[in-house]
Amino acid sequence: DNHEVVGAWPIRFLLFKLMFMSGVVKIQANCPTWQNLTALEFHFATQCLPGPLAWYGHQLHPLLLRLGVAATFVIEIPAAFMLLAPSVTIRRVGAWMQIFLQVLIILTGSYNFFNLLTITLCFPCMIGDVSPKTVKSYSLRMWDTFQLAFCAIFLAWSCMEMFIIERIQDSGDPTHRMTSLKLAMTKYECNLLVDRTIPVTVASALVFTAVAGLRSATKKKSFRFNTCIHTLVCCLCIAITAVPLLDLSPNLPQSSVLGIELSSSTWRNIRLHSGSVSHGYGLFRRMTGVGQQSPDGANAVGWAGLPPSIVARPEIILDALIDDSEEWRELKFRWKPGDTHQLPLQAAPHQPRFDWRMWFAALGTIQHNPWLVSFTNKLLQGCSTVIDLLDEPEIAAGKAKIRRVRANLYHYDFTRLDSKWARQIPGTKILGTNSLFNLFPDQVWTRNLIRQYLPPLESDNTSLLEFLQHAGYGSSICLDNADRCVSVGPGAQIPCHLASYIRKWNTNFRVLPLVSFLL
């Protein structure tokens, strides 16, 4: 369908914008983990909700992990331009590279439907015009081979421009030399790349869309007018989608590459009117959970002469006094890390929003997260829908009652297999085995208490009620499952009732990802 060929270009450009911005912001953020290509040495343990394979990915050799970061840069920046190539062969290579990256993310983390939706955006890149019947198959194969060779040369050239490979001396063994990989592209060079390529890329996407529309309009005269309107709408979509790209560099609104310069007032009006339609996005701009060396280990050196990758994932742990007991007991969550001996669970494509928000709350203070105080108050009141968010079947069934609640902030890190590079990291927990094929490690996490996050509270605490009143939670009420599902839209009522029913199977809440996928 010719209309499908024209309509594919805005989606291709949307995918390009998503991936290109995700790669560029990592360099522009000046985050040491991205600059040193050590981001994956933190990512597996510090992401919002690690997947069950995240612990195993954390054990890989640092060289493999740094090659993985380099591959991420290549896929998100130079390979993103391949998504807008006029040739379907080049576009398919770029699309398969994006799919490969998204599959790896799915295997090690839980990000709801995000990665699946990104993979879906890759499908229009596979669409190509029908080849003329007059062209021989042998010539087509030769042309495809030439294009694949061009992709290989382009990607190889991009790697040579973006990275530096060095042979350095091993700090632990002066007689041994090791391979080191570094990012060569600076923030200035990245901004220069944006200034030179984005205007040309946007213009090329508009031209390709217009050419596709023109070819479609000339094939069938009866559809000429409709095709022209369709093409104009697609070009408008590309133009609106491109607006957030102008935020990547302060020089873009005044770019002289195409002879177009926007005044500050014009630029403000464009952003004002397109802000509700098109947005910018940058994946993992800065790595969280990057620990600091203690004074005792200030001279420690990690693999390849870089500072050791000390992981300090902030995690909030809730403790409670149950019934008449005076011993604090840790409350279990369904998805987020807590028990140091339990491997992370696969949550995606289900989105456990409460466990997700707990990760963000750990990055700040209780003053910035008053909703957590409201949650604590609902626990003390025995609100059933709030208690269902935890993995506490006895409390949910009313067999036990929470009397007091407190919250402590810990720093979590994955345990590590016994290896030379793991022993170079201060404070890490080394397991008694060095085999990656140890399917079920005895201990998955290690944690250190940092500070108190929320003091012990009880339901009749005056300061608790005053804080909630001041934060705007004074009139909050507890809704039961039936009322909660009535308050949502008609399309969400069936999944809401189904999720409430599944939560009653206290030991089987792990089927939620499968139900989410089916729905």
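Bear in mind that the values here come from a model prediction, so they are computed numbers and not experimental data.
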Peer 1: Please check if the side chain of Thr38 supplies one atom and the backbone of Glu41 the other of a donor-acceptor pair under 3.5 Å.
Peer 2: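 Here the side-chain-to-backbone pair does not exist.
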Peer 1: For Gln346 and Ala348, indicate whether the former's side chain and the latter's backbone hold a donor-acceptor pair under 3.5 Å.
Peer 2: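 It does hold such a pair.
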Peer 1: What is the distance from atom OG1 of Thr209 to atom CG of Leu214, rounded to the nearest 0.5 Å?
Peer 2: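 With rounding to 0.5 Å, OG1 (Thr209) is 12.5 Å from CG (Leu214).
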Peer 1: How about CZ on Arg167, more than 12 heavy atoms from neighbouring residues, nucleotides or ligands closer than 6.0 Å, or not?
Peer 2: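 Yes, the 6.0 Å shell around CZ holds more than 12 heavy atoms from other groups.
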Peer 1: Between Arg66 (side chain) and Leu181 (backbone), is there a donor-acceptor pair under 3.5 Å?
Peer 2: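 Not a single qualifying donor-acceptor pair exists.
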Peer 1: Does atom NE2 (His61) have a neighbourhood of more than 12 heavy atoms from anything else shown, all under 6.0 Å?
Peer 2: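 More than 12 heavy atoms, drawn from other residues, nucleotides or ligands, come within 6.0 Å of this atom.
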Peer 1: Using the side-chain contact (heavy atoms from CB on, under 4.5 Å) rule, take Leu245 and Lys17 through it: C-alpha gap first, then chi angles, then the decisive distance, then the call.
Peer 2: CA-CA 7 Å; Leu245 289 171; Lys17 185 192 78 169; 3.7 Å; yes
Peer 1: Going by the angle between their ring planes, with limits at 30° and 60°, are Trp143 and Phe146 parallel, tilted or perpendicular?
Peer 2: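 Correct class here is parallel.
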Peer 1: Output yes when a side-chain donor or acceptor of Ser374 lies under 3.5 Å from a complementary backbone atom of Pro370, and no otherwise.
Peer 2: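 Absent.
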Peer 1: What are the two closest heavy atoms between Ser309 and Ile425, and how far apart are they?
Peer 2: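 So the minimum-distance heavy-atom pair works out to O-CG2, 3.6 Å.
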Peer 1: Take Phe414 and Phe44, measure what ring pair (Phe, Tyr, Trp, His ring centres under 6.0 Å) needs, and give me the verdict at the end.
Peer 2: CA-CA 9 Å; Phe414 275 139; Phe44 293 115; 8.3 Å; no
Peer 1: Please lay out, stage by stage, how Leu49 and Trp359 fare under the test side-chain contact (heavy atoms from CB on, under 4.5 Å).
Peer 2: CA-CA 8 Å; Leu49 292 177; Trp359 181 84; over 6 Å; no
Peer 1: Strictly distance-based, threshold 3.5 Å: is any side-chain N or O of Glu76 a donor or acceptor partner for the main-chain N or O of Phe20?
Peer 2: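 Side chain of Glu76 to backbone of Phe20, a donor-acceptor pair under 3.5 Å: no, none is there.
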Peer 1: Go through Thr227 and His230 one step at a time and tell me if the side chain to side chain donor-acceptor pair (under 3.5 Å) criterion holds.
Peer 2: CA-CA 5 Å; Thr227 303; His230 181 73; over 6 Å; no
Peer 1: Could you measure the distance from the SG atom of Cys125 to the CG atom of Leu84? Nearest 0.5 Å is fine.
Peer 2: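 It is 7.5 Å, given to the nearest 0.5 Å.
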Peer 1: Below 4.5 Å, heavy atoms only, C-beta onward: do Met82 and Cys151 meet side chain to side chain?
Peer 2: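 When only atoms from C-beta onward are counted, Cys151 and Met82 do touch, with a gap below 4.5 Å.
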Peer 1: Looking at NE2 of His368 and CD1 of Ile366, how far apart are the two atoms once the value is rounded to the nearest 0.5 Å?
Peer 2: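 Taking NE2 in His368 and CD1 in Ile366, the distance rounds to 11.0 Å.
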Peer 1: How close do Ser22 and Val25 get, counting heavy atoms only, and between which atoms?
Peer 2: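 That closest heavy-atom pairing would be O-CG2, 3.5 Å.
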Peer 1: Does a side chain donor of either His411 or Arg313 reach within less than 3.5 Å of an acceptor in the other side chain?
Peer 2: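 Looking only at side-chain atoms, Arg313 and His411 do not form any donor-acceptor pair under 3.5 Å.
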Peer 1: Shortest non-hydrogen contact from Pro337 to Pro50?
Peer 2: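 Between these two residues, the closest heavy atoms are CG-CD, 4.3 Å.
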Peer 1: For a 4.5 angstrom cut-off between non-hydrogen side-chain atoms, does Phe375 reach Tyr473?
Peer 2: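 Of all side-chain heavy-atom pairs linking Tyr473 with Phe375, none is under 4.5 Å.
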Peer 1: Measuring only between side-chain heavy atoms, which start at C-beta, is Asp355 closer than 4.5 Å to Cys48?
Peer 2: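 No, every pair of side-chain atoms sits at 4.5 Å or beyond.
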Peer 1: Which heavy atom of Pro244 sits nearest a heavy atom of Ile240, and at what distance?
Peer 2: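 Distance-wise, the nearest heavy atoms are CD-O, 3.9 Å.
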Peer 1: Whether Arg12 engages the ring of Trp9 as a cation-pi pair (distance to the six-membered ring centre under 6.0 angstrom, angle to the ring normal within 45°) should be assessed.
Peer 2: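 Flagged: Arg12 positioned over aromatic ring of Trp9.
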Peer 1: Report the C-alpha distance between Thr428 and Ile310 in whole Å, list the side-chain angles of each, state the deciding distance to 0.1 Å, and finish with yes or no for side-chain contact (heavy atoms from CB on, under 4.5 Å).
Peer 2: CA-CA 8 Å; Thr428 188; Ile310 302 175; over 6 Å; no
Peer 1: Out of curiosity, Ile106 CD1 to Leu53 CG, how far, rounded to the nearest 0.5 Å?
Peer 2: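 Reported to 0.5 Å precision, the distance equals 12.0 Å.
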Peer 1: Taking the side chain as everything from C-beta on, heavy atoms only, tell me whether Thr241 gets closer than 4.5 Å to Pro10.
Peer 2: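 Side chain of Thr241 against side chain of Pro10, heavy atoms only: no contact under 4.5 Å found.
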Peer 1: Could you tell me whether the side chain of Leu343 reaches within less than 4.5 Å of the side chain of Pro52, counting heavy atoms only?
Peer 2: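 In short, these two side chains do not touch, never coming nearer than 4.5 Å.
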Peer 1: Distance-only, no hydrogens or angles: does the Thr108 side chain make a donor-acceptor pair with backbone N or O of Ala54 under 3.5 Å?
Peer 2: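 No, Thr108 side chain to Ala54 backbone: no donor-acceptor pair under 3.5 Å.
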Peer 1: Indicate yes or no for a side-chain donor-acceptor contact from Arg92 to the backbone of Met126 under 3.5 Å, with no hydrogens or angles considered.
Peer 2: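 Here the side-chain-to-backbone pair exists.
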Peer 1: List the steps, then state whether side-chain contact (heavy atoms from CB on, under 4.5 Å) holds for Leu15 with Cys122.
Peer 2: CA-CA 7 Å; Leu15 177 62; Cys122 294; 3.7 Å; yes
Peer 1: Let me confirm one number: the CZ-CG distance from Arg357 to Asn369, rounded to the nearest 0.5 Å.
Peer 2: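 Atom-to-atom, Arg357:CZ and Asn369:CG are 7.5 Å apart.
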Peer 1: Under 4.5 Å between any side-chain heavy atoms of Gln424 and Ser419, yes or no?
Peer 2: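 Gln424 vs Ser419: side chains apart.
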Peer 1: Please name the pair of heavy atoms, one in Ala45 and one in Asp413, separated by the smallest distance, quoted to 0.1 Å.
Peer 2: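 What the structure gives for the nearest pair is CB-OD1, 4.5 Å.
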Peer 1: Please enumerate all residues that pass ring-ring contact (aromatic ring centres under 6.0 Å, His included) together with Phe73, with sequence neighbours excluded.
Peer 2: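 Per chain and number, Phe73 pairs via ring-ring contact (aromatic ring centres under 6.0 Å, His included) with Trp34.
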Peer 1: Going through the checks in order, is the side chain to side chain donor-acceptor pair (under 3.5 Å) test met by Trp55 and Thr415?
Peer 2: CA-CA 8 Å; Trp55 182 87; Thr415 56; 3.1 Å; yes
Peer 1: Please say whether more than 12 non-hydrogen atoms of neighbouring residues, nucleotides or ligands are located less than 6.0 Å from CG in Leu232.
Peer 2: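 Count over threshold, so yes.
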Peer 1: In terms of relative ring orientation, are Phe16 and Phe13 parallel, tilted or perpendicular, with 30° and 60° separating the classes?
Peer 2: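 Answer is tilted, since the angle falls between 30° and 60°.
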Peer 1: Between Thr46 and Val311, which heavy-atom pair has the shortest distance, and what is it?
Peer 2: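 In this case the closest contact between Thr46 and Val311 is CG2-CG1, 3.7 Å.
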Peer 1: Should Leu193 and Glu189 count as side-chain neighbours, where that means a heavy-atom distance under 4.5 Å?
Peer 2: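 No. Closest side-chain heavy atoms not under 4.5 Å.
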Peer 1: Once you round to the nearest 0.5 Å, how far does CE of Met19 lie from CG of Leu121?
Peer 2: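 Here the interatomic distance stands at 10.0 Å.
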Peer 1: Looking at Ile316, is its backbone amide N or carbonyl O close enough to the side chain of Lys336 to form a donor-acceptor pair, meaning the two atoms are under 3.5 Å apart?
Peer 2: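 Side chain of Lys336 to backbone of Ile316, a donor-acceptor pair under 3.5 Å: yes, one is there.
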Peer 1: When you compare the side chain of Val74 with that of Phe163, does any pair of heavy atoms fall below 4.5 Å?
Peer 2: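 A side-chain contact exists here, since the closest heavy-atom pair is under 4.5 Å.
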Peer 1: Indicate, with yes or no, if the rings of Phe81 and Phe154 have centres closer together than 6.0 Å.
Peer 2: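 Ring centroids of Phe81 and Phe154 are no less than 6.0 Å from each other.
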Peer 1: Any chance you could lay out the side chain to side chain donor-acceptor pair (under 3.5 Å) test for Gln47 and Tyr111, step after step, and finish with the verdict?
Peer 2: CA-CA 10 Å; Gln47 57 185 319; Tyr111 296 94; 2.8 Å; yes
Peer 1: Side chains of residues 93-102: which donor-acceptor partners sit under 3.5 Å, not counting sequence neighbours?
Peer 2:
from   : atom 1 : to     : atom 2 : distance (Å)
Gln98  : NE2    : Ile75  : O      : 2.8
Gln102 : OE1    : Asn115 : ND2    : 2.7

